[in-house]
Participant: 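Attaching a single structure in structure tokens format; questions to follow.
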Amino acid sequence: MNGIGQGTHAAGKGMRRQHRFSALSRRRRLFFLLIFAAVVVVLLAGAYLAGRWYENKGYTDERQRMSENFGKLHTVAYQGQTYLRRPEVSTLLIMGVDQRDGSEITGYRSGGQADFLMLLAIDSANRQVHQLQVDRDAITEVPIVGVLGNQVGTRQMQICLAHAYGGSEEERSRHTVQALANLLGGETAGHVISVRLDGIGRLNSLLGGVTVTVPADYSQLDPAMTKGAVLTLNDAQAELLVRSRMTIEGGTNAERMVRQRSFMNAVIQKIRGNVKENADFAGTLFDILDEISDYTDLQRGEMINEVTQALTYDILPVETLTGEYTIGSDGFVEFHADEDAVAAWVLQTLYEPKK
Amino acid sequence: MKKLIAILLTLVMTLSLATAFAAPSKTSSDVAAVESPAVEAEPEEELKIAFAKTAEAEEELEKIAEFVKDGADIAEYFPEEIAEQLKGENLQLAEFTALSIDNYDPEMGDLPLVFRFDTQFKEGEKIFVLVALFDAEGNVEWVLVDAENIAVAENGDVTVTFPAELLEKMGEAKSVAVAVLNEKAQ
């Protein structure tokens with residue numbers, strides 16, 4: 001017991017001491033706890049504020065840079081109004097090249113002219129396909145390569161000539177896309193398909209013959225091609241209709257463009273009919289285009305998606321740019337597109353006013 | 001009557017315009033041209049200068065292409081006395097074409113030829129014009145045209161005044177080619 005008592009006593013003294021100590025310690029602990037808590041709060045607050053500051057600083061800079069870039073890429077200012085590029089409108093340049101399969105291309109300047117240029121603008125929001133046919137004689141800045149294939153600048157001349165320059169079909173197509181962008185105020189076609197002369201007949205053949213109403217008398221080319229005749233074209237007739245120029249009508253490119261349009265419209269109708277009958281026809285169409293095209297940057301899946309969608313859309317009548325025809329100092333026809341007409345087409349088709 | 005004349009005139013103008021726009025399509029081979037100066041001569045002795053295609057020029061171009069393909073300075077391709085004048089200019093071969101010259105008579109003296117190349121050179125741009133003279137043995141002699149004899153017009157046309165002595169050599173050579181070097185794009 002003593003032991004206990006002593007112990008107790010001792011313990012009691014100790015307890016008192018301990019109590020005092022505990023009381024003191026508790027106050028100190030409380031004090032330290034308060035200090036600690038305050039430090040933690042200050043640290044947390046500091047860390048939070050630092051984090052926020054860092055976060056805000058970083059994001060603000062990033063967002064500012066991004067928005068600046070978006071502004072540069074997707075807005076244009078015209079006559080005091082800012083326009084935003086509509087991302088739901090994709091573009092595809094279809095070009096027909098004056099070269100036959102297997103024809104030898106020597107050097108970097110003999111790739112042939114792109115005599116047919118059609119820019120499709122596929123508007124998925126409004127479910128419409130716009131078609132802009134560009135005159136091969138439209139004057140614009142054309143990229144030029146030197147005799148060794150090196151870039152040597154640009155020359156103001158007929159857009160069709162852009163396709164002549166380059167060491168590969170890809171490069172020639174890129175030059176044509178660039179020349180078209182120069183004509184359209186910087187608007188670059190998203191994709192491109194290049195088709196050689198032989199492709200006209202083969203496309204006709206693969207579609208089982210395209211039916212057109214012959215718009216004028218071309219009986220000097222083929223006796224069956226009289227004005228108003230409804231003809232399911234054979235391959236040779238298809239090429240005559242699309243390609244001939246100097247030997248028929250007034251011999252102008254503008255007249256040939258009308259014939260090219262009538263053929264394209266007939267092709268679209270034929271494709272639409274085939275898609276209605278067979279949902280898998282888009283895949284077949286890709287195979288057809290793959291066979292007749294000399295170059296395309298479209299992937300199979302991408303192409304099938306675009307075509308499948310586009311064929312359900314309202315395909316609007318072909319549009320052309322207004323402008324002036326002149327004869328250049330070299331004796332060749334030049335088409336000078338009206339700048340306001342170009343701006344109007346680009347802004348109405350591909351852009352919307354920024355509110 | 002006035003109305004009728006006006007209608008007829010309009011018709012004639014429309015028809016002539018339609019005919020004009022039926023001009024042939026321009027192709028890439030129509031871009032470049034060389035203009036012979038007007039020199040008085042009998043029709044059969046008329047001075048004729050034109051772009052041409054020759055095996056010698058094609059072979060020479062292939063040699064140049066081979067030489068520069070790994071980034072060698074094109075200046076080094078030419079004989080030393082010419083190379084010395086081209087070094088450090090960061091040059092590229094922009095144009096190279098064979099040229100045919102018929103009926104040149106030394107009495108015609110120096111001749112200015114106006115070239116329209118595919119490359120649209122800029123007015124005042126520093127360019128170098130060299131002439132390759134090919135002989136029947138397969139040798140080539142390069143001649144650098146003096147800078148003072150070269151002028152680039154606002155429309156990019158290049159006027160090169162060839163001295164009579166050089167023209168005579170050009171007339172005697174088996175075939176001739178003209179090379180134009182300019183500064184590489186940055």
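Just so we're on the same page: letters track the sequence lines, and every chain starts at 1. All heavy atoms count here, side chains included; hydrogens, waters and symmetry mates do not.
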Participant: Heavy-atom distances under 4.5 Å only: say whether B/Phe121 touches chain A with side chain, backbone, both or neither.
Facilitator: neither

Participant: Within this structure, what is the OG1-CZ distance for the pair B/Thr119 and A/Arg109, rounded to the nearest 0.5 Å?
Facilitator: 5.0 Å

Participant: In terms of heavy-atom proximity below 4.5 Å to chain B, should A/Thr106 be classed as side chain, backbone, both, or neither?
Facilitator: neither

Participant: Output the distance between atom CG (A/Asn253) and atom NZ (B/Lys26), rounded to the nearest 0.5 Å.
Facilitator: 14.5 Å

Participant: Are the side chain of A/Asp330 and the backbone N or O of B/Val31 linked by a donor-acceptor pair below 3.5 Å?
Facilitator: no

Participant: Heavy-atom pairs under 4.5 Å with chain B are the metric here; pick the option from A/Ile144, A/Val142, A/Asp115 that has the most.
Facilitator: A/Ile144

Participant: Go through the atoms of A/Phe335 and report whether side chain, backbone, both or neither lie under 4.5 Å from a heavy atom of chain B.
Facilitator: neither

Participant: Does any backbone or side-chain atom of B/Val68 lie under 4.5 Å from a heavy atom of chain A? Answer side chain, backbone, both or neither.
Facilitator: side chain

Participant: Let me know if A/Gln151 has heavy atoms under 4.5 Å from chain B in its side chain, its backbone, both or neither.
Facilitator: backbone

Participant: Does the side-chain contact (heavy atoms from CB on, under 4.5 Å) test come out yes or no for A/Arg155 and B/Arg116, once each step is laid out?
Facilitator: CA-CA 11 Å; A/Arg155 178 178 275 282; B/Arg116 174 166 293 174; 3.9 Å; yes

Participant: Other residues, nucleotides and ligands only: do more than 12 of their heavy atoms fall within 6.0 Å of CD on B/Glu125?
Facilitator: yes

Participant: Considering all heavy atoms of both residues, which atom of B/Gln92 and which atom of A/Val152 are nearest to each other, and what is their separation?
Facilitator: NE2-CG1, 3.6 Å

Participant: Report yes or no: does A/Gln113 contribute a side-chain atom to a donor-acceptor pair with the main-chain N or O of B/Ser28 at less than 3.5 Å?
Facilitator: yes

Participant: Would you indicate whether B/Glu81, at its atom CD, is surrounded by more than 12 heavy atoms from other residues, nucleotides or ligands within a distance under 6.0 Å?
Facilitator: yes

Participant: Return the CG to CD distance between A/Leu148 and B/Glu62, rounded to the nearest 0.5 Å.
Facilitator: 11.0 Å

